[in-house]
Amino acid sequence: MALLAISSSFILHPSHPLNSVGKTSISSKKLIYNRSLGRTFALVKQEQRRVQCRASSSTQQENETETKTVHGEKLDFTGMHHVGLLCENLERSMKFYQEILGLELNPDRPADKLPYRGAWFWIGDEMIHLMELPNPDPVTGRPEHGGRDRHACVAIRNVEPLKRALEKAGVPYTMSKSGRPALFARDPDGNALEFTQVD
């Protein structure tokens with residue numbers, strides 16, 4: 001198990017909770033990882049971008065954001081926990097996500113708690129939950145370009161190795177129409193996935 005010491009090059013707002021790194025751990029985000037230090041760096045950079053965006057807003061806008069409530073209560077969202085995807089054959093889908101995309105199975109998510117078969121995969125600090133259930137949506141006849149369909153977007157450091165992996169496996173993909181370094185592909189059940197390159 002490795003404990004990451006955050007570099008001083010990450011400059012955060014004085015009141016931001018990440019400034020306590022090195023003194024106390026952040027229980028909700030956990031900077032102690034079993035999986036990889038890369039995920040922690042991604043977390044810190046994400047937090048840094050959020051702080052910079054907030055800092056660029058006026059004090060009035062920040063105050064309005066802080067006081068927004070729904071039915072008298074503030075909804076404190078912390079991020080996306082997982083994306084659930086339907087599949088017809090769990091083994092076939094697991095082969096795609098493990099062998100082609102190289103995702104790591106999360107063994108800590110019990111598969112016997114739900115009345116259907118499934119599997120959980122780590123994707124960064126979030127997860128994909130495969131569920132072997134009947135699909136109410138048509139698999140065929142969907143848009144060729146996944147960007148014109150319902151899709152989940154995944155951040156990736158470099159799309160080039162992914163392009164080579166998909167080509168080697170014979171999985172078709174399309175590039176983003178905006179010119180961004182991003183591609184769209186579908187899993188064996190037609191679920192559209194976007195992979196967008198980030199710094």
Side-chain angles (χ1 to χ4, degrees), residues 1-7 9-10 29-50 52-53 79-109 111 118-132 139-140 142-199:
M1 181 177 288
L3 176 64
L4 176 66
I6 303 300
S7 167
S9 64
F10 293 103
K29 291 294 184 182
K30 294 187 189 302
L31 293 178
I32 300 174
Y33 280 93
N34 287 337
R35 300 189 300 278
S36 72
L37 298 181
R39 293 177 185 161
T40 305
F41 280 118
L43 167 64
V44 173
K45 291 199 65 127
Q46 180 185 60
E47 290 293 327
Q48 183 187 31
R49 286 194 295 270
R50 289 176 178 171
Q52 290 171 341
C53 288
M80 187 73 72
H81 184 269
H82 72 272
V83 173
L85 301 176
L86 299 179
C87 66
E88 181 181 15
N89 183 286
L90 183 61
E91 285 73 25
R92 180 183 65 176
S93 294
M94 289 181 67
K95 183 176 181 180
F96 173 82
Y97 285 94
Q98 283 184 299
E99 298 183 13
I100 298 176
L101 298 187
L103 300 188
E104 176 187 349
L105 188 68
N106 181 359
D108 296 326
R109 300 293 296 185
W120 297 77
F121 288 97
W122 284 113
I123 189 155
D125 295 311
E126 289 73 40
M127 289 174 284
I128 286 178
H129 182 199
L130 295 179
M131 301 175 287
E132 190 181 79
V139 176
T140 59
R142 307 196 73 84
E144 179 185 0
H145 181 57
R148 294 180 176 270
D149 199 358
R150 292 186 296 273
H151 63 273
C153 183
V154 178
I156 188 170
R157 293 293 181 194
N158 187 349
V159 297
E160 294 303 319
L162 176 59
K163 287 168 64 175
R164 291 190 288 271
L166 294 174
E167 290 167 0
K168 183 178 180 179
V171 177
Y173 65 85
T174 55
M175 299 303 296
S176 172
K177 304 303 182 183
S178 68
R180 296 176 296 115
L183 65 82
F184 293 81
R186 293 184 183 273
D187 72 3
D189 293 276
N191 295 306
L193 301 169
E194 177 183 358
F195 300 89
T196 184
Q197 185 171 305
V198 296
D199 295 332

Value rounded to 0.5 Å, distance of CZ in F195 from OG in S176:
14.0 Å
Inter- and intrachain pairs under side chain to side chain donor-acceptor pair (under 3.5 Å), touching residues 82-91, at least two apart
E91-R117
Spacing of CH2 belonging to W122 relative to CG belonging to N106, to within rounding of 0.5 Å
5.0 Å
Can D187 and S93 be counted as having a side-chain donor-acceptor contact under 3.5 angstrom?
no
Taking NZ, NE, NH1 and NH2 as the nitrogens, is one of them in K163 or E160 under 4.0 Å from a carboxylate oxygen of the other?
yes
Do L105 and Q98 have side chains that approach each other closer than 4.5 Å (heavy atoms only, starting at C-beta)?
yes
Any chance you could measure F96, atom CZ, to L103, atom CG, to the nearest 0.5 Å?
8.5 Å
Show the nearest heavy-atom pair for residues V171 and A185, with the distance to one decimal.
CG1-CB, 4.5 Å
Heavy-atom pair with the smallest gap, counting every atom of N191 and L86
ND2-O, 3.0 Å
Between E132 (side chain) and L90 (backbone), is there a donor-acceptor pair under 3.5 Å?
yes
Over all atoms of both residues, closest heavy-atom pair of H151 and D149
ND1-O, 2.8 Å
Minimum-distance pair of heavy atoms, taken over all atoms of A119 and M94
CB-SD, 4.1 Å
Nearest 0.5 angstrom please: L183 CG to T174 OG1, how far?
7.5 Å
Going by heavy atoms in the side chains, are H129 and H81 under 4.5 Å from each other?
no
Would you confirm whether R186, through its side chain, and L193, through its main-chain N or O, come within 3.5 Å as a donor-acceptor pair?
no
Counting distance only, does the side-chain N/O of D189 pair as donor-acceptor with the main-chain N or O of V139 below 3.5 Å?
no
If I take atom NZ from residue K95 and atom CZ from residue R92, how far apart are they, to the nearest 0.5 angstrom?
11.5 Å
Counting C-beta onward and ignoring hydrogens, is there a side-chain heavy-atom pair between L101 and V154 closer than 4.5 Å?
no
Count the heavy atoms belonging to other residues, nucleotides or ligands that lie under 6.0 Å from CZ of R148, then report whether that count exceeds 12.
no
Looking only at heavy atoms, the pair that brings Y97 and I128 closest together is CE2-CD1, 4.0 Å
Nearest heavy atoms of A182 and E194, plus distance in Å
CB-OE2, 4.0 Å
